[in-house]
Amino acid sequence: MNPPIRKVRKAVLPAAGLGTRFLPATKAQPKEMLPVVDKPLIQYAVEECIASGIENVIIITGRRKNAIEDHFDSAPELEHFLEEHGKPGQADMVRRISGGIHFSYTRQSEALGLGHAVLLARELVGDEPFAVLLGDVILDGPEPGTKSLIDVYAQTGQGAIIVEEVPRERVHLYGIADARPAPDLGFGDRLMRINDVIEKPKREEAPSNLAVTGRYVFPPEIFDCLSRIKPGSGGEIQLTDAMRLLAKEHGLWGYIYDGKTYDAGDKLGFLEATVELALKNVDLGSSFRKYLKSLTL
Ligand code: G1P
């Protein structure tokens, strides 16, 4: 008998990385707190969680990451100060950062890999399906990416991840899926059946150019898969290797997101996200566009 399909209430956000690609900016502050336009990177992922119906966000932190906890905690002194100084709108904005959902934190003490980080959330997640969001990827489209994956899980009872075509010369930077179209389940051309996934393959060994972009919904069986794998690419416990087992033993779907993906995990991608999201920003967009046009490039 298939296990019951349960509501996806929890999300895990790994945020323990050292942020080496952003040095020197990340020497003394978490990468997740770098601002993209007017809010820290990790807030985009939390807002996606809230918009997807997630009620409990579990953040995997590490040393020097306390600013993340402070950001999602209430700030009564700041709110009071803003109210007293005639800025109720700003006080309200500060109050709404955590969106009324519950936050829990657990620490990854050693950099043993993304799979290891997710496995640390096992006790907090328990025996239920959950989402994983990599905070350095920002999705912008008509529907939150995590919500689309929750819809696939609700229909199939199986895990689902967002995949996206990338140029062949970039496949070594991602998990790459071996997948075939599965148009019969009501998601049209967007749904793929995943046969296998390979973490950061060489170009000539990549099964396709369909990259794993950092959004996942898993059944709790992923924890058993994670506990069985050995260190893989880069000597780390890789989430991708556990997904290979999950795909073979329980099934896994790939979903092509209807929207734009910003990979803000390196300096250039971060700049692209900053410029494009600033252009879309209600308060800044039109004056920023004028400024860009005034530049003689
Ligand atoms: C991680 C994952 C990889 C995925 C990528 C998406 O790699 O291991 O499978 O494709 O995120 O951004 P990282 O970028 O942390 O090296």
Side-chain angles (χ1 to χ4, degrees), residues 11-23 26 30-32 34 36 41-42 44-45 48 59-62 108 110-121 131-140 145-146 149 159-179 192 194 196-203 205-218 222 225-226 229-247 252 254-257 259-270 272-273:
V12 174
L13 274 57
L18 297 173
T20 51
R21 279 184 282 184
F22 282 95
L23 283 168
T26 48
K31 171 182 76 173
E32 293 76 14
L34 296 178
V36 174
L41 198 42
I42 195 168
Y44 289 87
E48 182 181 326
I59 303 185
I60 315 295
T61 65
Q108 186 184 30
E110 289 174 274
L112 297 179
L114 178 60
H116 176 258
V118 173
L119 186 54
L120 288 173
V132 175
L133 293 87
L134 305 190
D136 45 17
V137 178
I138 300 174
L139 300 187
D140 186 38
T146 297
L149 296 181
I161 61 176
I162 291 188
V163 292
E164 180 176 281
E165 287 194 43
V166 296
R168 282 266 169 193
E169 56 275 16
R170 288 180 61 83
V171 292
H172 66 285
L173 299 171
Y174 298 94
I176 298 292
D178 172 8
M192 320 275 289
I194 295 199
D196 201 0
V197 204
I198 301 176
E199 180 68 8
K200 306 202 170 89
K202 289 188 190 131
R203 186 175 171 166
E205 285 161 14
S208 74
N209 63 338
L210 274 180
V212 178
T213 59
R215 294 293 184 275
Y216 316 76
V217 165
F218 293 127
I222 191 74
C225 299
L226 280 166
I229 56 168
K230 302 266 173 297
S233 169
E236 297 186 341
I237 303 283
Q238 294 291 352
L239 183 57
T240 298
D241 293 336
M243 291 186 329
R244 300 184 89 161
L245 291 180
L246 189 77
L252 183 64
Y255 182 84
I256 299 171
Y257 182 57
K260 174 103 195 207
T261 304
Y262 299 103
D263 185 357
D266 62 36
K267 287 178 186 172
L268 185 61
F270 188 87
E272 288 169 7

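Whatever order the structure lists ligands and atoms in, that order sets their numbers, starting from 1. Computed from heavy atoms alone, side chains included, the values below leave out hydrogens, waters and symmetry copies.
- Scanning the protein heavy atoms around atom 12 (O) of ligand 1, the nearest turns out to be Val137 CG2, 3.9 Å.
- Judged by the shortest distance from any of its heavy atoms, Thr240 lies inside the 4.0 Å radius around the atoms of ligand 1.
- Atom 6 (C) of ligand 1 has as its closest protein heavy atom Val212 O, 3.4 Å.
- For the pair Leu134 and ligand 1, a heavy-atom separation below 4.0 Å is found.
- Paired with Ile162 under the rule side-chain contact (heavy atoms from CB on, under 4.5 Å), one option of Leu139, Val137, Thr261 passes, and it is Leu139.
- Distance from atom 13 (P) of ligand 1 to its nearest protein heavy atom, with residue and atom name: Lys200 NZ, 3.6 Å.
- Residue, atom and distance of the protein heavy atom nearest to atom 14 (O) of ligand 1 are Arg21 NH2, 3.8 Å.
- Checking Ser233 against Glu199 by side-chain atom types alone, no donor-acceptor pair falls below 3.5 Å.
- In Glu169, the CD atom is crowded: over 12 heavy atoms of neighbouring residues, nucleotides or ligands sit closer than 6.0 Å.
- Here Tyr44 and Tyr262 keep their ring centres 6.0 angstrom or further from each other.
- Between Ile176 and Val212, the shortest heavy-atom contact is N-CG2, 4.5 Å.
- The side-chain heavy atoms of Ile161 and Tyr216, taken from C-beta on, include a pair separated by under 4.5 Å.
- Nearest non-hydrogen protein atom to atom 2 (C) of ligand 1 is Glu199 OE2, 3.7 Å.
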